[in-house]
There are 2 protein chains.
Amino acid sequence: MPRGAAFLLAQLGAHAAGRFGERVGGLGLAPPDVGLLRMIATDPGRSQRSLAADLGVVPSRVVALIDNLERKGLVERRRSTEDRRNYELYVSEAGRAALAGVREVAAAHEDDLLAALDGAERARLAELLGRVAAQQGLTPGVHPGYRNLSKRAGRREE
Amino acid sequence: MPRGAAFLLAQLGAHAAGRFGERVGGLGLAPPDVGLLRMIATDPGRSQRSLAADLGVVPSRVVALIDNLERKGLVERRRSTEDRRNYELYVSEAGRAALAGVREVAAAHEDDLLAALDGAERARLAELLGRVAAQQGLTPGVHPGYRNLSKRAGRREE
DNA sequence: TATTGTTATACTCTATAACTATA
DNA sequence: TATAGTTATAGAGTATAACAATA
């Protein structure tokens with residue numbers, strides 16, 4: 001039974017995510033931590049609500065995620081002075097250091113993952129994948145692993 | 001921040017898996033069902049234990065998975081006459097019909113997923129991905145989504 | 001009344017370990 | 001004693017809904 005590119009994509013994607021998770025785990029980070037940290041670093045002061053919206057996740061989940069990051073000292077919650085209902089989120093100094101570690105790890109990850117390809121082939125692969133991602137409407141930099149899948153048609157196990 | 005091929009792979013892989021799950025959900029199948037069904041169809045009479053080993057999953061999980069398939073009438077358990085401790089698993093007629101449906105759905109899935117690419121580009125993508133998968137030691141046709149990830153350091157995202 | 005964040009709760013998935021029936 | 005499959009249980013992850021503070 002010949003496997004097409006769609007299956008290979010799903011298979012390799014899960015593999016890549018798993019391996020990356022192992023690597024950042026070595027840094028004391030869970031995979032969701034990494035994405036959140038990056039989003040907050042990119043747009044400091046943003047609220048939990050806006051994160052929930054961008055991630056396609058329920059706000060209560062962001063509470064737990066940020067609790068986690070705050071407990072690790074990587075993110076700070078500051079009550080907004082303009083609208084005291086919401087928090088402004090900031091990446092701490094330790095958080096920035098963690099992100100630097102993530103960047104190293106990500107480079108090593110990419111290199112090991114694509115060991116079968118030379119530079120030109122990697123670029124070609126990235127180009128093809130980029131076009132597919134754009135056509136599929138995927139948000140650059142946002143991993144669908146966050147998304148609430150329960151609304152969708154099929155899931156897992158009956 | 002430029003995203004490399006590794007991130008795109010994880011992102012697109014999760015997207016592809018999610019969309020495929022929706023489609024087979026329309027057939028009344030959960031994503032794990034599809035893989036199990038195929039493995040049993042390929043190698044009729046195999047035991048639950050052998051499935052667990054191939055999937056990298058604990059045997060008790062296979063019990064629930066097969067219970068499910070059996071309840072839907074897609075798979076049959078027959079007590080082995082040689083060694084009465086184990087079952088021989090077979091895909092039923094309904095199971096074969098379900099697999100035919102899966103093949104249709106998979107073709108439509110691939111076509112929609114890769115709408116951004118023409119035939120030559122799809123072939124090129126499949127070729128590149130195939131080489132990466134082989135170098136990474138991935139088992140053809142076995143999706144890592146089954147694997148026990150709890151032993152590993154981190155888990156999801158990116 | 002509407003909105004931000006929180007808590008309480010429930011449900012799903014999945015692993016671990018103990019158990020049964022064979023061998 | 002060892003193996004195939006099963007059951008009981010627990011823990012992680014995540015959604016839903018009710019709630020408090022603020023607007």
Side-chain angles (χ1 to χ4, degrees), chain A residues 14 17-18 21 25 29-33 35-36 40 45-71 75-89 143-158, chain B residues 14 17-18 21 25 30-33 35-36 40 45-71 75-89 143-157:
Chain A
L29 293 173
D33 293 344
L36 266 308
I40 299 169
R46 62 185 303 177
S47 70
Q48 297 184 187
R49 214 79 190 192
S50 81
L51 286 175
D54 276 17
L55 292 171
V57 144
V58 96
S60 66
R61 189 177 171 197
V62 177
V63 174
L65 256 13
I66 300 295
D67 279 353
N68 202 31
L69 254 12
E70 196 179 37
R71 194 170 347 102
V75 159
E76 290 171 29
R77 277 179 168 113
R78 300 186 203 151
R79 203 46 103 168
S80 167
T81 50
E82 293 172 357
D83 183 338
R84 306 236 320 270
R85 285 173 305 184
N86 64 23
Y87 283 120
E88 291 170 359
L89 302 173
H143 193 286
Y146 292 100
R147 263 192 341 239
N148 170 4
L149 298 171
S150 70
K151 295 293 188 43
R152 308 175 141 229
R155 289 272 303 312
R156 355 195 86 212
E157 219 34 49
E158 180 78 0
Chain B
D33 292 344
L36 266 309
I40 299 169
R46 62 186 301 177
S47 70
Q48 297 186 185
R49 214 80 189 190
S50 81
L51 286 175
D54 276 18
L55 292 171
V57 144
V58 96
S60 67
R61 189 177 170 197
V62 178
V63 174
L65 256 14
I66 300 295
D67 278 353
N68 204 28
L69 254 12
E70 196 180 35
R71 194 171 349 103
V75 159
E76 290 172 31
R77 277 179 167 112
R78 301 186 202 152
R79 206 42 107 165
S80 167
T81 50
E82 292 171 358
D83 182 339
R84 305 238 319 271
R85 285 174 304 183
N86 64 23
Y87 284 119
E88 292 169 358
L89 301 173
H143 193 286
Y146 293 100
R147 262 192 343 236
N148 171 3
L149 298 172
S150 69
K151 297 291 188 45
R152 310 172 143 229
R155 292 277 301 310
R156 8 180 106 217
E157 159 59 16

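Below, chains carry the letters A, B, ... as their sequence lines are ordered, and counting in each starts from 1. Computation of the quantities below employed the complete heavy-atom set of this structure, encompassing side-chain atoms and omitting hydrogens, waters and symmetry-equivalent molecules.
The side chain of A:Arg49 has C:dT4 as its nearest neighbour among C:dT4, D:dT6, D:dT22. In this structure, of D:dT6, D:dT16, D:dA4, it is D:dT16 that holds the atom nearest to the side chain of A:Val58. Ranking C:dT14, C:dT4, D:dT6 by closeness to the A:Asn86 side chain, first place goes to C:dT4. Distance from the side chain of B:Ser60 is smallest to C:dA17 among D:dA17, C:dT14, C:dA17. Relative to the side chain of A:Arg84, the nucleotides D:dT6, D:dA23, C:dT7 differ in distance, and D:dA23 lies closest.
One interatomic measurement links the two molecules: CD of B:Gln48 to C1' of C:dA21, which rounds to 14 Å at whole-angstrom precision. Taking atom CG of B:Leu89 as the reference point, atom C1' of D:dA4 lies 11 Å away to the nearest angstrom. Regarding B:Glu82, its CD atom lies at a distance of 13 Å from the P atom of D:dG5, rounded to whole Å. Atom-to-atom, CZ of B:Arg46 to P of D:dG5 comes out at 11 Å; the value is rounded to the nearest Å. Atoms CZ (B:Arg61) and P (D:dT6) sit 16 Å apart, rounded to a whole Å. Protein atom CG of B:Asn68 is 13 Å distant from nucleotide atom C1' of C:dT12, rounded to whole Å. Note: CZ (B:Arg79) to P (C:dT20) measures 15 Å, nearest angstrom. Between the OH atom of B:Tyr87 and the P atom of C:dA21 there is a distance of 12 Å, rounded to whole Å.
Proximity of B:Arg77 to the phosphate of D:dT6: a side-chain N or O atom is located under 4.0 Å from OP1 or OP2. In this structure, B:Arg85 does not reach the C:dA23 phosphate: none of its side-chain N or O atoms is under 4.0 Å from OP1 or OP2.
Across all non-hydrogen atoms, the minimal contact from B:Thr81 to B:Arg84 is O-CG, 4.4 Å. Minimum interatomic distance between A:Arg77 and A:Val63 (heavy atoms only, all atoms of both residues): NH2-O, 3.5 Å. Between B:Arg46 and B:Ile40, the closest heavy-atom pair is CD-CA, 4.5 Å. The minimum heavy-atom distance between A:Gly21 and A:Pro31, with the atom names listed, is CA-CG, 3.9 Å.
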Quiz item: Would A:Arg79 and A:Tyr87 satisfy side-chain hydrogen bond (donor to acceptor under 3.5 Å, both in side chains), going step by step from the backbone distance to the final call?
Solution: CA-CA 4 Å; A:Arg79 203 46 103 168; A:Tyr87 283 120; 3.2 Å; yes
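Residues A:Leu65 and A:Ser80 each lie close to DNA chain D; by heavy-atom proximity, the contact nearer the 5' end of the strand is made by A:Leu65.
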